[in-house]
Amino acid sequence: MTNLLLSNQSLKALLTSCKTIHQALQIHAQTVVNGIHHDPFLLTPLISFFAFSNSPTALHHSSLLFSQINTPDLFLYNAMIKAHSHSHAPHHALSLYKSMLASETYPDSFTFPYLLKSCARLMSLKIGVQVHCHVTKNGFESDIFVLNSLMNLYCVLGDMQNACKVFDESPVRDLVSFNTLINGFVQAGFARCSLQFFGEMRGICVQPDGYTFVALLSACSSLEDCETGKKVHCLAYKKLGYFGSNGLLMNALVDMYAKCGYLEMAERVLMSGVIGGKSVVAAWTSVLSAYARRGEVEVARRIFDQMGDRDVVSWTAMINGYSCAGQFEEALELFVQLEDLGMEPDEVAVVAAQSACAQLGALESGRRIHHKYAGENWPRGQNRELISSVVDMYAKCGSIDSALDIFCNISDYLKTTFLYNSIISGLAHHGLGESAITLFKEMEILGLRPDEVTFVALLCACGHSGLVDDGKKLFESMLTVYGISPQMEHYGCMVDLLGRAGCLDEAYTFILTMPFKANAVIWRALLSACKIYGDVELAKIASKEILAMERDHGGRYVMLSNMLAHIDQHDEAASVRKAIDNVGILKPPGWSYIEMNGALQKFLAGDKSHPEAKAIELMLWDISMGLKSIGHVSASKMVFDLD
DNA sequence: CTAGGGTTAG
């Protein structure tokens, strides 16, 4: 553009034919140059253009423009609320609504669907119920768009009772209402209900569409019910005719066959379609992750390599595929490659990366990824799954201070049972039993329901901190207060707790009075306690049980021989070692990892191949001398060298 | 005056 001055009228005309954000920015620049950037007749179309363009930077731009307007009208408010409702920060939509009411501008039937969408994105029941009240107060409770949005909100929150209530009490219903509920049931984990509800829908002759079939196939996927899936496949064909070009429906179909384990069928359906672009990527991603879940990670990788286009979802599927196979280094490496290609990982990808870091103990990578993608100022910092993966990563990498630091700064409404499970188990492993119990109480105050995992973490915390009475009380309360029946792991924790505290007889009685037969893990917990307290008789009982249960597990022989060595029964120790030789068992070598300057250092017992092996040995020697000088007695004399 | 609700895969 030259220095030609453009009038308000011509700029407005230009805007109507404007196609890209770049063009709109140029027009905006012109309004500034011309000093007419406060003209509401220009600002309104500019703001709505940016607001509707689905890009974070454009949204930011429209927010700036919006803030310059003294009295925005309802249309502008609706445009901004809509734009924020599908942004990374949907809570802005609610602030906008508040300031809208404050400036005495009142909502219409277009306002509520976006507000409700924002509540759904925020997963906030509290705010959602408030907005529901406003819907009623303003008399929009029979607007079909508002009602369907309301139903969707309750579905997303997993509150199917209220979703059904809205449906039942609604004077108007359409196919979208039915589809919302059918899909809601699936997403909330009630796939059977979704199929049943579809039956009711057919009973009153409501004709399904593509959306309906996608939801039904998703139900069959989650149930891994291929028989019903095939019926849905046929019905879709009967109702819709050829749908090979419907990308979403084809994906749902491919995914259904893949999840049910019919991988050849999935691939055949995929090939039979004429889908392209994003849909092909999605369909191959479904197949890829099915192979990964099946444990065929190499096949998954081959598909990944052969895919022409790949998006973040495909990369994440492959990253999780590696993690699933225990190949965490490959998983992390792939994430870094994704970054190097300049792709923007989303929250699910970052969660996958953090979990690989957690498994590797890769603190430096974990911290880098945290700061880059999930820092406080980052909009994704609002994602609950992401938050708990970060906390979990720090806790598992031994940086409990960082984990606590982040945890303490999380708003209550973002806290979940998962998050508490992560931090409580982190505290448990760091021997901070009291803090674990404190956080458990805090969790109750917030109204979060503890689950089985919470209690494993808590009992483990008590065990590691010698809190015998607290542990017993918590164990008792599981069934009586929380309605969770203790499983084998919980009994194991209790045996460990009692054993560590030296209550060996009590631990043994506990095992004998358990409602099910103790497994080897539990006997091993007892055996390990016997080792600490030198109870040979009980150790023999425990060993006998373990030997009877696990003929091919190397670990117990080592444990038993260690124990016998410790209590000076070298003859028996020798016989155990002989048993190992006879069966030909080798304990899988124990690895340990540490990440230094971004590189992973692996160590194996007795391994001297590290380039810095000499310096490391000197340092270790130095540390152990330091420990001895403050009175620490090494337990390493108990360990037999099996090599 | 303008605009709107429900879909897959990690």
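Chain naming here is simple, since letters A, B, ... match the order of the sequence lines and numbering starts at 1 in each.
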Stacking between A:Trp315 and the base of B:dG10 (centre distance under 5.5 Å, interplanar angle under 30°)?
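No, the aromatic ring of A:Trp315 does not stack with the base.
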How long is the gap from CH2 on A:Trp284 to OG on A:Ser314, to the nearest 0.5 Å?
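Answer for the CH2-OG pair, A:Trp284 versus A:Ser314, is 12.5 Å.
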Report which part of the nucleic acid [X] touches: base, sugar-phosphate, or nothing (heavy-atom distance under 4.0 Å, all strands).
X	answer
A:Thr316	base
A:Gln187	sugar-phosphate
A:Phe112	nothing
A:Arg293	sugar-phosphate
A:Val281	nothing
A:Ile144	base
A:Ala349	base
A:Ala282	base

Does the ring centre of A:Phe178 sit less than 6.0 Å away from the ring centre of A:Phe198?
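They do not qualify: ring centres at least 6.0 Å apart.
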A:Phe110/A:Phe145 aromatic ring centres below 6.0 Å:
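They do not qualify: ring centres at least 6.0 Å apart.
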If the plane angle is over 60° it's perpendicular, under 30° parallel, otherwise tilted; pick one for A:Tyr394 and A:His370.
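Judged by the thresholds at 30° and 60°, the geometry between A:Tyr394 and A:His370 is perpendicular.
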OP1, OP2 of [N] versus side-chain N and O of [X]: anything below 4.0 Å?
X	N	answer
A:Asn251	B:dA9	no
A:Lys82	B:dA3	no
A:Lys259	B:dG10	yes

[N] [atom2] sits how many Å from [X] [atom1], rounded?
X	N	atom1	atom2	result
A:Asp73	B:dC1	CG	P	12 Å
A:Asp108	B:dC1	CG	C1'	13 Å
A:Asn78	B:dC1	CG	P	14 Å
A:His86	B:dT7	NE2	C1'	17 Å
A:Ile319	B:dG10	CD1	P	14 Å
A:Asn246	B:dT7	CG	P	15 Å
A:Leu217	B:dA9	CG	C1'	13 Å
A:Leu147	B:dG4	CG	C1'	14 Å

Can a cation-pi geometry be assigned to A:Arg310 and A:Phe304, taking NZ or CZ under 6.0 Å from the six-membered ring centre and within 45° of the ring axis?
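Because its charged atom sits under 6.0 Å from the ring centre and within 45° of the axis, A:Arg310 does stack over A:Phe304.
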So which nucleotide from [options] ends up closest to the side chain of [X]?
X	options	answer
A:Thr285	B:dT8, B:dA9, B:dA3	B:dA9
A:Tyr114	B:dG4, B:dT7, B:dA9	B:dG4
A:Ser109	B:dG10, B:dT7, B:dG4	B:dG4
A:Asp143	B:dG4, B:dT7, B:dG10	B:dG4

For A:Asp168, is there any backbone N or O sitting under 3.5 Å from a side-chain donor or acceptor partner on A:Arg173?
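Yes; judged by distance alone, with no hydrogens or angles, the pair exists.
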